[in-house]
Amino acid sequence: VTSPLRFGIVGAGVIAGTHAAAIASLSDARLEAVADCHLDHARRLAAQYSADSYGSLTAMLADADLDIVTVCTPSGMHAEHVIAAMRSGRHVIVEKPMDITLKAIDEMLRVQAETGVKLAVISQHRWDPATRRLYDLIQDGALGRLVLGNAHVLWWRAQEYYDSGAWRGTWALDGGGVLMNQSIHSIDLLQWLLGPVASVRAYADTLAHCMETEDTAVAALRFRSGALGTIAATTSAYPGVAARIEVFGDRGSAIIENDRLSQLSLGRDGREEPPPYGLTIGTHDPRLDRSEAAARNAAGVSATTHAAQIDDMVRAVRDNGTPLVDGRAGKHPVEIIIGIYESARTGREVALL
Ligand SMILES: NC(=O)c1ccc[n+]([C@@H]2O[C@H](COP(=O)([O-])OP(=O)(O)OC[C@H]3O[C@@H](n4cnc5c(N)ncnc54)[C@H](O)[C@@H]3O)[C@@H](O)[C@H]2O)c1
């Protein structure tokens with residue numbers, strides 16, 4: 001009998017609790033150690049799982065027997081911590097964004113190739129049942145020629161959220177605002193569903209918060225496939241309205257709203273052809289939610305999809321495979337976001353490919 005893979009977490013803040021719970025839910029994973037430069041943060045989390053605590057990543061890497069390190073520190077520190085863990089011979093799972101500059105990300109990829117360890121970047125919404133189903137339908141061609149993909153993130157974050165950590169809302173450590181921090185999930189899904197983005201044009205501004213980076217942004221996208229798209233994102237939509245991914249094609253259309261498939265219309269389902277002027281989309285069919293609703297519970301949503309992604313990494317390590325969201329995949333949404341910032345700054349179209 002092989003013993004479970006041994007995990008260490010660095011950065012014992014908000015999201016680390018989700019990682020710890022996700023690891024604990026998997027039979028082939030065990031949390032051994034937690035490191036944080038605030039030792040009390042590490043101790044608090046470690047105590048819940050009878051794990052060891054350390055006051056730095058360096059100390060944890062030197063002392064603990066670990067197979068996989070998960071990096072949950074502020075975004076602008078990811079490259080430094082991921083590279084240190086990879087150089088120590090450990091596989092690494094890093095929270096989103098992979099890092100906040102392409103230079104840092106390229107260095108992470110270089111060190112990964114050199115060390116031969118595995119690297120996964122968290123994008124847990126790829127494991128939402130609604131996303132999976134839509135991805136499979138698109139791969140089957142069920143939506144026909146894709147013409148339009150939209151990601152709209154209409155959220156609310158109070159000023160206290162930005163004030164709750166010195167790194168939040170800064171260029172140096174958050175790497176951006178509503179795009180780099182909150183909307184990266186939806187942007188990753190959009191480019192996963194519709195394929196690579198070829199170019200962007202954008203506006204971004206800070207309208208309702210006291211922070212350095214943007215709290216509101218819009219972008220127009222052209223995908224390599226020729227399809228067009230939009231991103232509209234804000235953390236100033238009181239009291240928090242919805243996150244929506246919309247995909248439209250000439251044989252079908254789908255809308256995912258708050259991680260659930262709220263609209264799915266497929267020509268192949270044997271409906272009558274729509275009239276020449278089209279149908280007005282009817283009300284939402286509650287049957288669409290059934291499988292998603294069963295897979296959800298209010299407290300466990302986040303840990304459930306994190307667990308699915310961590311399990312994907314465990315399998316990649318066990319079978320010498322590649323995790324679904326590896327380092328190269330983790331770079332894509334960051335490239336799009338940095339292109340949007342450049343377009344907003346220069347007022348020009350930015351080509352990504
Ligand atoms: N996937 C998701 O849904 C999701 C949700 C929230 C946050 N995140 C990501 O997780 C990361 C952390 O976010 P958070 O909200 O948990 O932040 P946080 O501020 O709550 O926690 C960060 C922790 O890192 C520690 N830390 C800072 N510098 C360190 C260092 N040099 N060495 C060791 N520890 C250090 C801090 O003391 C703190 O405990 C960010 O990259 C964020 O984008 C992802």
Side-chain angles (χ1 to χ4, degrees), residues 8-23 33-48 53-62 64 69-85 88 92-101 104-105 108 120-128 131 153 155 157 160-189 213 235 243 258-259 300-310 312-313 325 330 333-334 337:
I9 294 175
V10 58
V14 172
I15 202 61
T18 302
H19 282 248
I23 292 163
V34 181
D36 197 295
C37 58
H38 292 106
L39 186 57
D40 55 317
H41 294 194
R43 282 204 175 120
R44 210 177 310 136
L45 185 61
Q48 293 174 47
S53 45
Y54 295 90
S56 73
L57 174 61
T58 313
M60 180 173 83
L61 294 178
V69 171
T70 91
V71 175
C72 300
T73 48
S75 305
M77 299 179 182
H78 287 177
E80 180 193 334
H81 295 149
V82 167
I83 287 171
S88 79
V92 179
I93 298 173
V94 59
E95 260 302 341
K96 47 50 62 169
M98 185 171 168
D99 195 90
I100 58 175
T101 70
I105 287 174
M108 294 158 96
V121 183
I122 292 289
S123 185
Q124 77 268 21
H125 293 284
R126 288 205 192 187
W127 278 265
D128 290 341
T131 320
V153 179
W155 282 0
R157 291 288 184 274
E160 297 85 74
Y161 161 81
Y162 290 107
D163 296 342
S164 73
W167 69 278
R168 299 196 195 281
T170 64
W171 286 112
L173 286 175
D174 219 341
V178 65
L179 293 175
M180 189 66 94
N181 190 310
Q182 285 81 21
S183 310
I184 191 167
H185 293 289
S186 302
I187 293 170
D188 181 54
L189 296 187
T213 56
T235 51
N258 301 333
D259 310 335
V301 171
S302 188
T304 306
T305 45
H306 268 78
Q309 183 165 10
I310 293 171
D312 174 69
M313 178 63 148
V325 191
V334 180
I337 291 165

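Just so you know, ligand 1 is whichever comes first in the structure, and atom 1 is the first atom listed for that ligand. Excluded from the calculations below are hydrogen atoms, water molecules and symmetry mates; all remaining heavy atoms, backbone and side chain alike, are included.
Qualifying ring-ring contact (aromatic ring centres under 6.0 Å, His included) partners for H41, counting only residues two or more places apart in sequence or in other chains: H38. The side chain to side chain donor-acceptor pair (under 3.5 Å) check on R43 picks up nothing, with sequence neighbours excluded.
The closest side-chain heavy-atom distance from Q309 to R126 is not below 4.5 Å. Taking 4.5 Å as the limit, some side-chain heavy atom of I337 sits within range of a side-chain heavy atom of I187. At a threshold of 4.5 Å between non-hydrogen side-chain atoms, the residues M77 and V71 do not count as touching.
For ligand 1, the atoms closer than 4.0 angstrom to any heavy atom of P74 are 22 (C), 24 (O), 27 (C). Of all atoms in ligand 1, numbered sequentially from 1 with element shown, those under 4.0 Å from a heavy atom of E95 are 1 (N), 2 (C), 4 (C), 8 (N), 9 (C), 10 (O), 44 (C). Of all atoms in ligand 1, listed by their number and element, those nearer than 4.0 Å to a heavy atom of H306 are 1 (N). Atoms of ligand 1 found under 4.0 Å from any heavy atom of H78 (numbered from 1 in listed order, with element): 41 (O). Within the listing of ligand 1, atoms 37 (O), 38 (C), 39 (O) sit less than 4.0 angstrom from a heavy atom of H41. Heavy-atom proximity to C72, at under 4.0 Å, picks out these atoms of ligand 1: 11 (C), 12 (C), 22 (C). Set against the non-hydrogen atoms of G13, the atoms of ligand 1 under 4.0 Å away are 16 (O), 20 (O), 21 (O), 23 (C), 39 (O). Of all atoms in ligand 1, listed by their number and element, those nearer than 4.0 Å to a heavy atom of Q124 are 1 (N), 2 (C), 3 (O).
Residue contact check for ligand 1: I122 places a non-hydrogen atom closer than 4.0 Å to it. Using a non-hydrogen distance threshold of 4.0 Å, E80 does not register as a contact of ligand 1.
Ligand 1 has a nitrogen or oxygen under 3.5 angstrom from a nitrogen or oxygen of I15. The shortest N/O to N/O separation between A35 and ligand 1 does not fall below 3.5 Å.
Contact annotation: for A12 versus ligand 1, heavy atoms closer than 4.0 Å belong to the backbone alone. Residue contacts with ligand 1 for S56 are absent, since no atom lies close enough (heavy atoms, distance under 4.0 Å). Under 4.0 angstrom from ligand 1, the non-hydrogen atoms of K96 come from both its backbone and its side chain.
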Next item on the list: Apply side chain to side chain donor-acceptor pair (under 3.5 Å) to the pair H81 and T73, showing each step before the final yes or no.
Entry: CA-CA 8 Å; H81 295 149; T73 48; 3.0 Å; yes

Next item on the list: Apply side-chain contact (heavy atoms from CB on, under 4.5 Å) to Y161 and T235, showing your working.
Entry: CA-CA 11 Å; Y161 161 81; T235 51; over 6 Å; no

Next item on the list: Walk me through it: do I15 and H306 pass the test side-chain contact (heavy atoms from CB on, under 4.5 Å)?
Entry: CA-CA 10 Å; I15 202 61; H306 268 78; 4.1 Å; yes

Next item on the list: Assess whether side-chain contact (heavy atoms from CB on, under 4.5 Å) is satisfied between K96 and H78, documenting all intermediate values.
Entry: CA-CA 9 Å; K96 47 50 62 169; H78 287 177; over 6 Å; no

Next item on the list: Could you walk me through whether V334 and D99 pass the side-chain contact (heavy atoms from CB on, under 4.5 Å) test, one step at a time?
Entry: CA-CA 8 Å; V334 180; D99 195 90; over 6 Å; no

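Residue L57 holds its CG atom at 10.5 Å from CG of D36, rounded to the nearest 0.5 Å.
Counting only non-hydrogen atoms, the option in D36, T70, D99 that gets closest to atom 23 (C) of ligand 1 is D36. Taking each of G17, S75, C37, G165 in turn, the one with a heavy atom nearest to atom 26 (N) of ligand 1 proves to be C37.
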